[in-house]
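Okay, so here's the structure we're looking at.
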Amino acid sequence: MTGHVDAVVVGAGFAGVLAAIELREAGREVVVVERADRVGGTWRDNVYPGVACDVPAHLYSLERHPNPDWSAEFAPGAEIAAYLERVVDASGIRSSIRFQSALTDAAWDEAAQQWRLAFSGDGPQTADVLVLACGRLAEPHVPDIPGLVGFPGQVMHTARWDGSVPVAGTRIAVVGTGSSAAQLVPELVAAGAEVVLFQRSPAWILPRGGRRYGPADRAAFAADPGRIAAVRAEALGGDDERFAARAGAPAASARAVRAAQAHLAQQVRRPALRRRLTPTDPFGCKRVVLSDTFYPAVASRAVTLEASALAAVHGDTLVGASGARHDSIDRIVLATGFETSEQPFARLVRGEDGVTLAEHWAQGMTAVGTVAVAGFPNLFVLNGPNAALPHSSSLLVLERQAALVRRLTGSGGVIRARPEAEQAATAAIADRVDGTPWVAGCRSWYRDARSGRVTLLWPGTTDDLDSAMRAAVRDAFTVTEGAR
Ligand code: NAP
C-alpha cells in the first residue's frame with residue numbers, strides 16, 4: 001500500500017489493537033503495521049512452557065471485551081493470544097492490519113505537517129498521526145558472557161522458545177530468576193529435565209493461588225456479565241494494598257515481606273537452601289514474582305541452585321561467579337529479561353529538527369501524560385515511558401493511553417507536547433519515586449540503565465495516572481491546524 005492515512009499504529013499487541021480501535025471509533029482512517037505474521041505482541045512471542053499471566057484473567061481483559069471463557073483464574077499465555085485475536089475480529093480492525101512489515105524509518109515533515117514513513121513491507125507513506133505500540137519487553141536481553149557463543153548446545157531466550165527441542169532427560173541451565181524463570185523452571189522439572197539454575201539475586205515471591213474455571217463457572221459468567229464485573233472488582237479491590245507494599249509504605253510492605261517469608265518457609269524445608277533463596281533487595285524494588293510452584297521445583301532433586309550469576313562458559317561447562325562449575329550442560333535458557341532502556345524503535349523515529357527519539361531519550365525515556373514527547377508532533381508512544389504498573393494489570397494503563405490518544409487527536413490538528421511540560425512530568429516522577437524501593441539500588445527493568453532514573457514504571461495508582469493525564473490535557477499541549 002502507498003499513500004496517506006490519518007493514523008498509522010506500529011505494533012499489533014494489546015496496545016496497538018486498543019489504539020486502532022479508539023482511533024477508528026473516532027472516525028479516523030487507521031492502518032496498523034505489524035512486523036510478525038500474527039497479532040499478540042508479548043503473548044505471541046512468549047511461548048515457553050508455563051507462560052501465563054499472573055494478573056487475574058478477568059482483570060487482564062479489556063473492559064469492553066469481557067471474556068466468560070477463561071479456563072482459569074490466571075490464564076495461560078496461548079489463551080490470552082487467542083483472546084486478542086478474537087478482540088481484533090470483534091472490533092473489525094483485522095482488515096486494517098498489514099502483517100510482516102516492520103517500521104524502518106519515520107520522519108516528521110515540517111512543511112507538510114505529517115509523518116513520512118518507510119516499512120520493510122506494506123504500509124502507508126505518510127500519516128498525520130503516528131502511534132508507536134512496539135512493546136517495552138519485546139527485545140530479548142542476551143548477556144555478554146565469555147564463551148557463550150562457543151557453547152556447543154542450543155542457547156535460547158525464554159521469549160524465543162523452540163518447542164521442537166526435547167526437554168525430558170536433558171540437562172538445562174536456566175539463567176535468571178524473574179517472572180519468566182519462575183514459570184518455566186517448574187515445567188522443565190515436570191517434563192523430566194535436570195536444571196541448573198543461575199540466580200544472581202533472589203526474587204521476592206508471593207503465593208499466586210488461583211483455580212481453574214470449569215464449564216459451570218464459564219456458563220455462569222456467560223449468563224451474567226455482572227459476575228465478570230464482580231470478579232474484576234474483587235481483583236481491583238486488592239490494588240491499593242499491593243501498590244502500597246511495592247511503593248514501600250511501611251505497614252503494607254512489612255505485611256508483604258511476612259507473607260513472602262512464610263511462603264518460602266512453608267515451601268522450602270532445608271534451612272541452607274532457604275537462606276540462599278532469601279531476597280536481600282528491598283521488597284518491591286523490582287517486579288514481585290507470584291508463584292506456588294517455583295520453590296517446590298527448586299527444592300526438588302531435579303534442580304541445582306547456583307546462587308550466583310553465570311560468569312563464563314567453557315565448552316559445555318558453565319561457571320558461576322562463585323567459581324562453581326557445572327558440567328555436561330545440554331542447553332542454556334536465558335531467562336534474562338529484555339532490552340528496556342534503549343528501545344530499538346527509538347532509533348528509527350526523527351522528529352522536529354531531525355532529532356531521533358533515541359537522542360531525545362539519551363538519559364532515559366520521558367513523556368507528557370505517558371504518551372507524548374516534546375519535539376515529536378502528533379507522535380504517541382504506548383507502553384513506553386512510565387507506563388508499567390508495579391501492582392496490577394498493564395491493560396488498565398493501555399486502555400487509558402489509547403483513550404488519551406483518541407482525545408488528543410480529536411481536533412484533527414497538530415498536537416505538540418510543550419518541553420516545559422515534559423520536564424515537569426519528569427520531575428514529578430522523580431519526586432514520586434524519591435524514598436521508594438524503586439530507587440533503592442537494585443537492578444530492575446523499571447529503571448534506565450544509563451541514568452538510573454525510573455523510566456518504565458508508573459510510580460502511582462491508576463487514579464494518579466488519571467490525574468496526570470487530565471493535567472496533561474489541560475496544560476501540556478499546543479494545537480495548531482494541520483497543513484491538509
Ligand atoms: P526479568 O524480570 O528482567 O528478570 C531477568 C532475570 O535475569 C533476573 O533474575 C536477573 O538477575 C537475571 N539476569 C540477567 N542477566 C544475568 C546474568 N548475566 N547472569 C545471571 N542472571 C542474570 O525478566 P523476565 O523474568 O523475563 O520478566 C520480565 C518481565 O516480563 C516481568 O517483570 C514481567 O513484567 C513480565 N512477565 C510477566 C509475567 C506474568 O505472569 N504476567 C510472566 C513473565 C514475564 P538480577 O535480578 O540480579 O538482575
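Numbering of ligands and ligand atoms starts at 1, following listing order. Along the sequence shown, residues are numbered consecutively beginning with 1.
Ring geometry for His58 against Phe221 counts as tilted: the plane angle lies between 30° and 60°, on a 0 to 90° scale. Ring pair His263/Tyr295 is tilted by interplanar angle, where 30° to 60° counts as tilted.
Thr370 and Asn386 make their closest contact through CG2-O, 3.4 Å (heavy atoms, listed as atom of the first residue, atom of the second, distance).
In terms of N/O distances under 3.5 Å, ligand 1 is approached by Asp54. An N or O contact shorter than 3.5 Å links Ser179 to ligand 1 by distance. Remark: ligand 1 and Phe198 share no N or O pair separated by less than 3.5 Å (distance only, no angle test). Considering backbone and side-chain N/O of Gln183, one or more are found under 3.5 Å from N/O of ligand 1. At least one N/O-N/O distance between Arg287 and ligand 1 falls below 3.5 Å.
Taking every non-hydrogen atom of Leu310 and a distance limit under 4.0 Å, the qualifying atoms of ligand 1 come out as 19 (N), 20 (C). In the vicinity of Val175, heavy-atom distances shorter than 4.0 Å reach the ligand 1 atoms 19 (N), 20 (C), 21 (N). When each atom of ligand 1 is checked for a heavy atom of Pro143 under 4.0 Å away, the hits are 18 (N). Atoms of ligand 1 found under 4.0 Å from any heavy atom of Tyr48 (numbered from 1 in listed order, with element): 42 (C), 43 (C). Interface of Ser201 with ligand 1, defined as ligand atoms under 4.0 Å from a residue heavy atom, comprises 45 (P), 46 (O), 47 (O). Set against the non-hydrogen atoms of Ser180, the atoms of ligand 1 under 4.0 Å away are 24 (P), 25 (O), 26 (O), 27 (O), 43 (C), 44 (C). When each atom of ligand 1 is checked for a heavy atom of Phe338 under 4.0 Å away, the hits are 26 (O). Within ligand 1, the atoms closer than 4.0 Å to a non-hydrogen atom of Gly176 are 6 (C), 7 (O), 9 (O), 12 (C), numbered from 1 in the order shown.
Classification of Arg432 and Asp464 as a salt-bridged pair holds, one side-chain N sitting under 4.0 Å from a carboxylate O. A salt bridge is defined here as a Lys NZ or Arg NE, NH1 or NH2 lying under 4.0 Å from an Asp or Glu carboxylate O, and Asp89 with Arg94 meets this definition. One finds no salt bridge joining Glu342 and Arg347 here, because no Lys/Arg side-chain nitrogen approaches an Asp/Glu carboxylate oxygen to under 4.0 Å.
Closest to atom 15 (N) of ligand 1 by heavy atom, among Glu306, Arg200, Arg208, is Arg200.
Annotation: atom 6 (C) of ligand 1 to nearest protein heavy atom, Ala335 O, 3.3 Å. Residue, atom and distance of the protein heavy atom nearest to atom 23 (O) of ligand 1 are Gly337 CA, 3.2 Å. Remark: minimum distance from atom 46 (O) of ligand 1 to any protein heavy atom is reached at Lys286 NZ, 2.5 Å. Among protein heavy atoms, the minimum distance from atom 35 (C) of ligand 1 is reached at Leu137 CD1, 3.9 Å. Considering only non-hydrogen protein atoms, atom 4 (O) of ligand 1 sits nearest to Gly178 CA, 3.8 Å. Among all protein heavy atoms, the one lying closest to atom 32 (O) of ligand 1 is Trp445 NE1, 2.8 Å. When hydrogens are left out, the protein atom nearest atom 9 (O) of ligand 1 is Thr177 N, 2.9 Å; that is the closest non-hydrogen contact.
Within a 6.0 Å sphere centred on CD of Gln154, other residues, nucleotides and ligands contribute more than 12 heavy atoms.
Side chains of Glu79 and Ser71: a donor-acceptor N/O pair is present below 3.5 angstrom, by distance only. Between the side chains of Asn67 and Ser61, no donor N or O sits under 3.5 Å from an acceptor N or O. Under the 3.5 Å distance criterion, with hydrogens and angles disregarded, a donor-acceptor pair is assigned to the side chains of Glu422 and Thr366. Checked by atom type, the side-chain pair Ser322/Glu306 shows a donor-acceptor distance below 3.5 Å.
Counting heavy atoms under 4.0 Å from ligand 1, residue Gln199 does not touch it at all. Counting heavy atoms under 4.0 Å from ligand 1, residue Cys442 does not touch it at all.
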Dump the intermediate steps for side-chain hydrogen bond (donor to acceptor under 3.5 Å, both in side chains) on Thr461 and Asp463, then the final yes or no. CA-CA 5 Å; Thr461 63; Asp463 286 346; 5.0 Å; no
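The cationic atom of Arg331 (NZ for Lys, CZ for Arg) lies less than 6.0 Å from the six-membered ring centre of Trp161 and within 45° of the ring axis.
Taking the six-membered ring wherever Trp is involved, the centroid distance between the rings of Tyr213 and Trp70 does not fall below 6.0 Å.
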